[in-house]
Amino acid sequence: MDTATSIATYWYYHLPNFVLAALMYTMLGRFLLGLMVDADSPNYIWRFFCRFTDPVIGVIAMVTPKVTAPAVLWLFGFVWMFWLRVALHYILLLLNLAPRFGGAAS
């Protein structure tokens with residue numbers, strides 16, 4: 001099966017996985033950039049990272065103690081997105097809906 005066919009066939013796996021991966025790595029980028037940039041910086045990359053991840057950070061902040069530093073929230077967000085991706089893949093594997101590697105044994 002070629003890549004285009006796999007993406008079209010398993011869109012319900014690839015689309016959420018891509019969105020979660022984009023959020024996950026953007027939160028990691030926000031953490032790393034936050035070590036070098038002020039919180040109210042006019043840097044356009046920083047503003048994009050903040051605008052893209054703020055909704056998810058808001059949800060994570062609801063289940064995290066209020067005394068937690070913002071940088072720790074961003075790292076928690078990274079970890080949560082990672083485990084959501086693992087859970088998505090595991091659930092789809094259990095339901096026999098996830099893409100699998102093809103080969104002679106399959």
Side-chain angles (χ1 to χ4, degrees):
M1 180 181 312
D2 64 344
T3 305
T5 306
S6 173
I7 291 173
T9 304
Y10 296 107
W11 66 269
Y12 53 85
Y13 169 76
H14 292 295
L15 186 64
N17 187 43
F18 178 78
V19 170
L20 289 172
L23 279 169
M24 185 175 94
Y25 289 116
T26 304
M27 280 191 223
L28 183 61
R30 182 176 179 171
F31 170 75
L32 294 173
L33 192 59
L35 297 174
M36 297 174 268
V37 177
D38 290 333
D40 58 349
S41 174
N43 184 309
Y44 64 93
I45 296 172
W46 175 253
R47 287 183 302 170
F48 167 77
F49 281 3
C50 292
R51 196 168 287 139
F52 192 67
T53 59
D54 275 346
V56 178
I57 296 298
V59 172
I60 294 167
M62 285 191 258
V63 296
T64 307
K66 300 295 179 204
V67 297
T68 306
V72 176
L73 275 176
W74 306 332
L75 289 176
F76 279 158
F78 176 82
V79 172
W80 275 103
M81 294 301 111
F82 171 79
W83 285 112
L84 283 173
R85 288 179 70 197
V86 170
L88 171 72
H89 189 70
Y90 183 71
I91 289 169
L92 290 177
L93 277 174
L94 285 177
L95 298 173
N96 203 22
L97 295 172
R100 297 177 184 263
F101 289 113
S106 54

| message | If the condition is ring pair (Phe, Tyr, Trp, His ring centres under 6.0 Å), which residues does Y25 pass it with, not counting sequence neighbours? | response | none

| What pairs meet the ring-ring contact (aromatic ring centres under 6.0 Å, His included) rule with one or both residues in residues 28-47, with sequence neighbours excluded? | W46-W74

| query | Linking I/L/V/M/F/W/Y whenever their side-chain heavy atoms sit closer than 4.5 Å, directly or via other members, would L20 and F18 fall into one cluster? | reply | no

| Hphob cluster co-occupancy, I91 + V19, side-chain heavy atoms under 4.5 angstrom | no

| request: Could you state whether L75 and V79 fall into the same hydrophobic cluster, counting links through intermediate Ile, Leu, Val, Met, Phe, Trp or Tyr residues with side-chain heavy atoms under 4.5 angstrom apart? | output: yes

| field | Distance (rounded to the nearest 0.5 Å) between Y12 OH and L92 CG | value | 6.5 Å

| said: Listing request: all ring-ring contact (aromatic ring centres under 6.0 Å, His included) pairs with a residue in residues 76-98, at least two apart in sequence or in separate chains. | reply: Y13-H89

| query | Is there a side-chain contact between I57 and M27 (heavy atoms, below 4.5 Å)? | reply | yes

| message | Run the side chain to side chain donor-acceptor pair (under 3.5 Å) test against D54 and tell me which residues pass, sequence neighbours left out. | response | R30

| Can you hop from V86 to L88 via hydrophobic side chains spaced under 4.5 Å? | no

| request: Just jot down the side chain to side chain contact (heavy atoms under 4.5 Å, CB included) partners of L15, sequence neighbours excluded, or say none. | output: none

| What pairs meet the salt bridge (charged side-chain N to carboxylate O under 4.0 Å, His left out) rule with one or both residues in residues 9-24, with sequence neighbours excluded? | none

In a table with atom names and distances, give each donor-acceptor pair under 3.5 Å that connects a side chain of residues 32-40 to protein atoms at least two apart or in another chain.
none

| remark: Tightest non-hydrogen contact, residues L23 and T53, listed as O-CG2, 4.4 Å

| query | Could you give all pairs that pass the salt bridge (charged side-chain N to carboxylate O under 4.0 Å, His left out) test and reach residues 75-84, with sequence neighbours left out? | reply | none

| task | Apply side chain to side chain contact (heavy atoms under 4.5 Å, CB included) to M81 and V56, showing your working. | result | CA-CA 9 Å; M81 294 301 111; V56 178; 3.6 Å; yes

| request: Scan for salt bridge (charged side-chain N to carboxylate O under 4.0 Å, His left out) pairs involving residues 6-17, sequence neighbours excluded, and state none if there are none. | output: none

| remark: Taken in chain and number order and not counting sequence neighbours, the residues that satisfy ring pair (Phe, Tyr, Trp, His ring centres under 6.0 Å) with F52 are F48

Kindly list each side-chain donor-acceptor pair under 3.5 angstrom involving residues 58-69, sequence neighbours excluded, with atom names and distances?
unit_1: T64; atom_1: OG1; unit_2: I60; atom_2: O; d: 2.6
unit_1: T68; atom_1: OG1; unit_2: P65; atom_2: O; d: 2.8

| query | Which residue pairs pass the salt bridge (charged side-chain N to carboxylate O under 4.0 Å, His left out) test with at least one member in residues 89-99, sequence neighbours excluded? | reply | none

| request: Check P99 against H14 and note the closest heavy-atom contact, atom names and distance. | output: CG-NE2, 4.2 Å

